[in-house]
Structure formats: C-alpha cells, structure tokens
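Letters A, B, ... are given to chains in the order of the sequence lines, protein chains preceding strands, and every chain is numbered from 1.
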Amino acid sequence: MTTHSIAPAVRAVRRLSPLTFSFGARRWESTGAEPPPAGGHLPSIATSKILRGTREAALRTPGIKWLDEGGSSPLQNTIGGRETRKMNVYQAVRDAMGITLSKDDTAIVFGEDVAFGGVFRCTMGLAEEFGRERVFNTPLSEQGIAGFGIGVASMGQTAIAEIQFSDYIFPAFDQLVNEAAKFRYRSGGQFNVGGLTVRTPTMSVGHGGLYHSQSPEGFFMGASGLKIVIPRSPIQAKGLLLASIRDPNPVIFMEPKILYRSAIEQVPIDDFELPLGRAEIVVPGADLTLLTWGTPIFHCETALSLLSEPPASLASVVPESARGARVELIDLRTILPWDIETVVESVKRTGRLVIVHEASRTAGVGAEIAAEIQSKAFLKLHAPVRRVTSWDTPVGLQYEKFIIPDAIRVLDGILETLAF
Amino acid sequence: MIRTLLSRHSFPISRIFRKHISTTISTNSSESLGLLPTSQSPITPKPHFFNAVSTDGKQLPTYRVIDGVGNVIPGAEIPELDQQLALRIYRNMVLLPIMDNLLYNIQRQGKISFYYGEEATIIGTAAALLPDDEVLGQYRELGVLLWRGWGIDEAMAQCFGNEQDMSGKGRQMPVHWGSPMYHFHTISSPLATQIPQAAGVAYALRRDPARRSKNCAAVYFGEGAASEGDFHAGMLFASTIASPTLFIARNNGFAISTPSSEQYFGDGIAARGAGYGIDTIRVDGNDVLAVLSAAREARRRCVESGRGVLLEAMTYRVGHHSTSDDSFAYRARQEVEDRTRIDNPIARYRLFLKNCGWWSDAEEDELKGLLKTDVMRAFKLAESLKRHELKEVFSDVYGGEEP
Ligand SMILES: Cc1ncc(C[n+]2csc(CCOP(=O)(O)OP(=O)(O)O)c2C)c(N)n1
Ligand SMILES: [Mg+2]
C-alpha cells in the first residue's frame, strides 16, 4: 500500500468507534505488509473450527439428509461406510451440479463462460462430462439468462443459471422479482418456476471495488416467492445447493467468492441436502446472539477468539468482565424466507443481538431482522439490536477493508452491546 | 459494394452473409480481395455504410393474399383451407369484438384491453399453430385461447376475478389469462418479459424427447414492447442457443399513445430479424389468409431448423388502448374511422368468404345473434359469482412447505 492511499483510509477509520480506530489502523498497515493472494484469501479461515476438517465431523453435519438411491430406505441417516473428500467451495458446488446432472435428465447448467468451467471454476469439466446441450454458454445478457431459465423451469425442467457476479444481477432483477417470484401466485398455482436456481458469486474479496464486492441479497427481501440462500462452507454449499435445486421454488443461491478456494472441508461424496429456511447455531452461547451469513461468519469467529483471549494489543480495550461472555453464533443460511423462529428463540435467551452483514446498512437485511426482533422479543432485550455492516457508501477499492466489516468491528459491536 | 451486390441478387441478406457471399464474390467480382479471416465478410477497398436490410434500400415488403375487398391479389396463393376451417377462423374473428364490446360497456373499474383491429393477426396465427404449441402472450391474445377451446365463461371469470377464475384466482387484472391445459402461459403485466422466457420454453421443448421437432413456443408482443431489452435478449437467445421460438410482433401502430414512428427509427421490427440471423417475414396483419399462410411457413421453419423465426404483422389498433384510455386525445377520430372502414380485417375476410360462396348475410346475422347471446349469458353468470375465498391471498406464494 502506498502512503498516499493510507491517509484517506485512516480518515475513514477515524469516523468509526475509538476501538475500531486504534486497531483498524494497525490492521491496515499490517495488511499492507502482507498483501492477500490474488483471487482472495481469508486469513482466519485456515484455522477455523467452524469448518469440518475430518470425515467424522463432516458426516455429523447437523440437519444432513442423505438422498441415496431409494431415498426412504433405512440407509437414511446412517453414516457408516460413507466417504468424504477434501473439497473447497467451488469443488463442492461443482459436485452438487454434477450429481444433479447425472440424476436429473432435465437439468441444464448455463450462463456466461460456463462451458469452459466458469470464471470461478464452478462448472469445470461439466460440459465435457454432460455435453454442450446441457452445459452451455449464453450470450452476455443477464436478463436473458434469467428469462431463459424461467422459461425452461416453467416447463417443469431444472434450470441452473449462473450470473457471473452478483453485482451484475440487476439487469435480471425484473425477471427475478416480477416474473420468477410471482409466477406461481399470479397463475393461481397453475404454473411455477420451482425448477429455477440462479447461482451467483457474491460478497467482497478485499480488492473488488464497487462492482466485484456487493452483497445484493437485501434487494430481494421484498420478493416473496423467491428464496435466497448463502452458504458458508463447502459442505453447506453442496447440501444447500442440492436442496435449492430441488426446492419447488425459484432460489437465488449466492456463493461468497472469497470462500471458493479458501474454505476447505471434508465433504461427503454422496448425495445429501441441508434444510432451506433453517438457520444453524454454529457456536452455542447464552449472553449474546451474533447473527450473520456467508463470509463474515469467519470474521465473527475471529472476533469471538479476540473477545475471549485478546492479544496484548487489544487487551486494554477488552474488559476482563467481557472475556467470559458466551456468544451464540448463528449462520442464517437462508436469507429469504428467514428463520425467525431460531433467531427469536436465541435472542429471548441471550437478550442481545448483533447482526453482521457485508451489504451497507440502510434497508439492509439487518434492518428487517432488527425490526422483527424488537417486535417479537422486546421485553427480553437488554440492549438495542446492533448492526455491523458496510457503511452507506459504494465499495471504494482502496478503502475496502474499512468499508466491509471485519473482526475488529464485530468485536467492537459485541463489546458495546455487552456493555450497554 | 454491398449495396451493388445486393441489388444484383435477390437473396435475403442474412443468407448472403451466411452462405453465399464468398461464392458471389468470386464469381461476380473480378477484383476479389478475399475475406476477413475467420469470417464470410468480403474485404472492400471502399468505405461502405448501409442502413437497410432490404435489397434496394427500400422498406421491407409486406406479404398479402387478399386485398381490401377480399379478392386474391395477383400472384398470391390462397393457403390450404377448406370451408370448415375457413368458417371456424371467421367465427373466432367475429367473436373477439363482441366480447370486447360487452366488456367495454359493462366494466365499472379496472382496465381491459381491446382487440379491435387485430382479429386477423391473432386468429390467423392461432390457426397456424398446433394446439399444443406453447403460447406466451402479451395481453391481446385471448383469441388464441378461444381458438383452442378455452371457453367464454373462463374468459369472463378471469375478467371478473370470480371464484371460477382459474387463470389467477382473482389476483390479476382483467385480460391476464393463462391455462396450462391449453398451453397458454399466464399473462404478466411487465412488458416483454415473456420474450426471453419463450426462448427457454422452446429450449425445454427441444430437450423433451416427446416434443422435440414437433412443437414450438410462439411468443406475441407489441411493437412497443419490442423496445425493451428483453426483446433483444429473447431474439438473441433463441438464435444463439438454438430454440424453436416463433416471434410474433403485433405492430398495431401504437403503444398506448406513442405512435410507432416515435418507437423506432429503423424499418419496424422485421428489420431487426436479420441482425439476429433469423428468418423473418413481414405480413399484412389485417389479411387473415396472409397471416395464416406466413405463420404456417414460419412455424415450419421454426420447428424444422429448431431456431427462432420472426413474423411482423402490420395491423392497426382500432380500439382505445384500454378502458382507461381515450385515444382521440392523441389521434384523429377520422383516422380510426377510415381504418375501420377501409382496412377492416373482418370485413376483408367476409368478402373473401362471400366470393367463395361460403358465407351469406343471413348466416352473418345468425352468427352475431348467437355469439351475442352466448357472451351475454357468460357475462351474467360471471357477474353473479362470488370471489375466491380470502385465504387465497396467502396461498401459492411459495410451493411446498409454506414458510
Ligand atoms: C415494462 C412495462 N412498461 C410499461 C408498461 C405500461 N404499458 C402497458 S401497455 C403499454 C403499451 C404497449 O404497447 P405495445 O407493445 O405496442 O402493445 P399494444 O398495446 O399496442 O398491443 C405500456 C407502455 C408495462 N406494462 N410494462
Ligand atoms: Mg402496439
């Protein structure tokens, strides 16, 4: 980083809370010394305990539903004899599509640059394996991709569309919100496009700037009829994608692109699904609910370790009394329709809620959740619901680390909420 | 260079570009400079601009079979048609304005679109399709459903949104019909969204072994809707990702109040076809025989090549845009009256039928009487029915387990 870019960045940090300021600036400098690898890399992820690195842990993924041949056999939910393979997120996504293409003859996969493997490698080898009639490039038109997929799905077939970056989903917004979401309702249930799944890479990588960093899930919140799903890991990506493809509703499946390579797990090689519409309590706790989805789950995990065992540089701002706080970490997973029940139940127990998302604050998903929580758990709340989000600005390239919330800002949000 | 080439040959330009240009160059041009690498584009030493897809820079021709008084024009052929089919077409054409009239007079609120002036385009294309070709309409295509046997009662139920409205359980405004049984996808208000969807529907047909090389997807849209990006996307996808999609542009001269002269600067919608590399025809949309014959051939090409085909039907919206529109605010009453009198698709066809000895004034009176009675009966029934139950507000938002 040049000094020239640090100055405005520091100014941006100064607007944050004192805690964020003092450590945010230091982080910036250290990041400058060790630039992240090209393609994006999340430092905390290598040591994450959230990821399931062993076969045993992978096969015990909560809520896992095996879909073997003759799915209702007693084999269901047995784990003995099942195999896993080390995969990152793009491999897991590819695996889910491979399973779909081999089991469902009507399934097709299409989008910009999909045939050669996709810019994030998610469709690698699929065209060779299943043929260009089923895995193909489309012209460069997102509204066309969405409209075409809706047409295919309206005929009862399985359409898996890729929008190359979620930043470019807006040309398809009308097709998704006015058409896909309303297809069933407007036809009195006579037609539906449940077979449509729109996959799209999302969220920031640290150097994407305005148009490769966005998290547009909030824009779809009002589109009843759509489902929005965001996985946090390879196992989640595979299970949730298979569930999304088979769900009788159109699903927008947003894949956090920084996790494509950096998040690695042992992933069961069999066909399995994870439930849509269900949040997952990833770390149980009793004093505060920390709710997020996608990439920030790892910032949250880091924040929790900074909270319980602050490094010397942070010790002065993390009061002893806060270090023992048991924070419940929840991955929302399905953003629309979201799992109100699990979140409300958690907040009723903890009395505190911090919501973390990468999208900017105003009318972000966090606003909706906060409103719902205050109406459903008002008397149980010990502190206002806090949102740790991007600022209400576009994502400026050189300031990305200051705009997108990181572990320090999550820690700050937790401390302020605990101390309220 | 291209212009001179074109004037010497009668190939459609798309063909020339695709297949013939290299041979044309080598056989007809002594100073051939070869082709641009990896293309069929001849090298020319002259900077040449072009602004027409027709061979002589004029507007594209319009295909016609019968003239204003129902006589077959010189050189035209009557499409294969027996008396039974001819009269079925006629009865369906006559029914549309009768329905319109009644709905116009009785409607108390809400919008209903009108079909006046487009009977030939709608019924002519409907008659050219197989009954199980998938149809995606804009909103003026009730005639396709009625042609296929969907009843007047169903139509009335949809307009009233009563408990018998299966198109949308009273959720949608009038004219938003739909029926999977009749392969008619439910109308949606956002214009042009059905166009790329049609390419997807057609691709699904191609992938279905039972329907491959048998059915096509026919998509209707106005010349106004054709200005949307979705039109471009639909044409592009149907040609690039080969999908048997029949694009039927109803060019009725207006998009609400905006005349087509303010909608596009080029030669209508048909001129765009070649840009996507798809076979295209412009037809007199008030001549049901021309529409029938062109749509049959368009459909044949579409299904056989498995690709998109474009048919632009030139017609005129005689009615107001909808019941909340007074079109005399933006066009002269005289103009509308002239079009109704001189270029009335029903009158033109009736004269043709009379010339054939297939129709008489007595039959005309009888038909109109019957249809009016039938429409009135359906209206009375629809009016007397209740709405769907209130709980339908919440059903069908999601499929499967309701969240
Ligand atoms: C996306 C969109 N923009 C605007 C409208 C409002 N609108 C309804 S009909 C219409 C005119 C359509 O004209 P055209 O496509 O020529 O069809 P016609 O009514 O002539 O059959 C307009 C602007 C709409 N329904 N959808
Ligand atoms: Mg029009």
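The most heavy-atom pairs under 4.5 Å with chain A, out of B:R171, B:R206, B:M181, B:K169, come from B:R171. Your options are B:A242, B:P190, B:P180, and the one with the most heavy-atom pairs under 4.5 Å with chain A is B:P180. Of the residues considered (A:G189, A:P250, A:G194), A:G189 shows the highest number of contacts with chain B, using heavy-atom pairs under 4.5 Å. In terms of non-hydrogen atom pairs under 4.5 Å with chain A, the most contact-rich of B:H185, B:M166, B:Q194 is B:H185. Heavy-atom pairs under 4.5 Å with chain A were tallied for B:G234, B:A199, B:G400, B:G170; the largest tally goes to B:A199. Here B:T193 is the residue among B:T193, B:L136, B:D165 with the most heavy-atom pairs under 4.5 Å with chain A.
Summarising the local packing, CZ of A:R134 is surrounded by more than 12 heavy atoms from other residues, nucleotides or ligands at distances under 6.0 Å. Crowding of A:F219 atom CZ: a count of heavy atoms from other residues, nucleotides or ligands under 6.0 Å not exceeding 12.
Contact of A:N137 with chain B is made through the backbone alone, with heavy-atom distances under 4.5 Å. Contacts between B:S395 and chain A at a heavy-atom distance below 4.5 Å involve the backbone alone (N, CA, C, O). Within the 4.5 angstrom heavy-atom criterion, no atom of A:E142 approaches chain B. B:A198 does not touch chain A: none of its heavy atoms, backbone or side chain, sits under 4.5 Å away. Contacts between A:Q190 and chain B at a heavy-atom distance below 4.5 Å involve backbone atoms as well as side-chain atoms. Neither the backbone nor the side chain of A:F110 comes within less than 4.5 Å of any heavy atom of chain B. Proximity to chain A is absent for every atom of B:H232, based on heavy atoms less than 4.5 angstrom apart. In this structure, chain B has no heavy atom under 4.5 Å from any part of A:D339. Looking at A:I145, both its backbone and its side chain come within 4.5 Å of chain B, counting heavy atoms on both sides. With a 4.5 Å cut-off on non-hydrogen atoms, B:T240 touches chain A through its side chain but not through its backbone. Of the atoms belonging to B:E392, it is backbone heavy atoms, and not side-chain ones, that fall under 4.5 Å from chain A. Contact annotation for A:N192: neither backbone nor side-chain heavy atoms come within less than 4.5 Å of a heavy atom of chain B. Heavy-atom distances place both the backbone and the side chain of A:Q143 under 4.5 Å from chain B.
With 3.5 Å as the limit, one finds no donor-acceptor pair spanning the side chains of A:T200 and A:S166. A donor and an acceptor atom, one from each side chain of B:H388 and B:E163, are nowhere located under 3.5 Å apart.
For A:F220 and A:F173, the ring centers sit closer than 6.0 Å to each other. The aromatic ring centres of B:Y398 and A:Y185 sit 6.0 Å or more apart.
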Practice item. For the pair B:Q164 and B:E154, evaluate side-chain hydrogen bond (donor to acceptor under 3.5 Å, both in side chains) and give the outcome as yes or no after the intermediate values. Key: CA-CA 7 Å; B:Q164 285 183 357; B:E154 280 85 349; over 6 Å; no
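Using a 4.0 Å cut-off between charged nitrogen and carboxylate oxygen, B:K214 and B:D132 count as a salt-bridge pair.
Under a 3.5 Å cut-off, the side chain of A:N249 and the backbone N or O of B:G399 do form a donor-acceptor pair. Counting only distance, with no hydrogens or angles, the side chain of B:Q172 and the backbone of B:I187 share a donor-acceptor pair below 3.5 Å. Remark: the backbone N or O of B:A226 is paired with a side-chain donor or acceptor of B:R272 at under 3.5 angstrom.
Checked options B:S189, B:S188, B:S167; the residue passing with B:H176 is B:S189 (criterion: side-chain hydrogen bond (donor to acceptor under 3.5 Å, both in side chains)).
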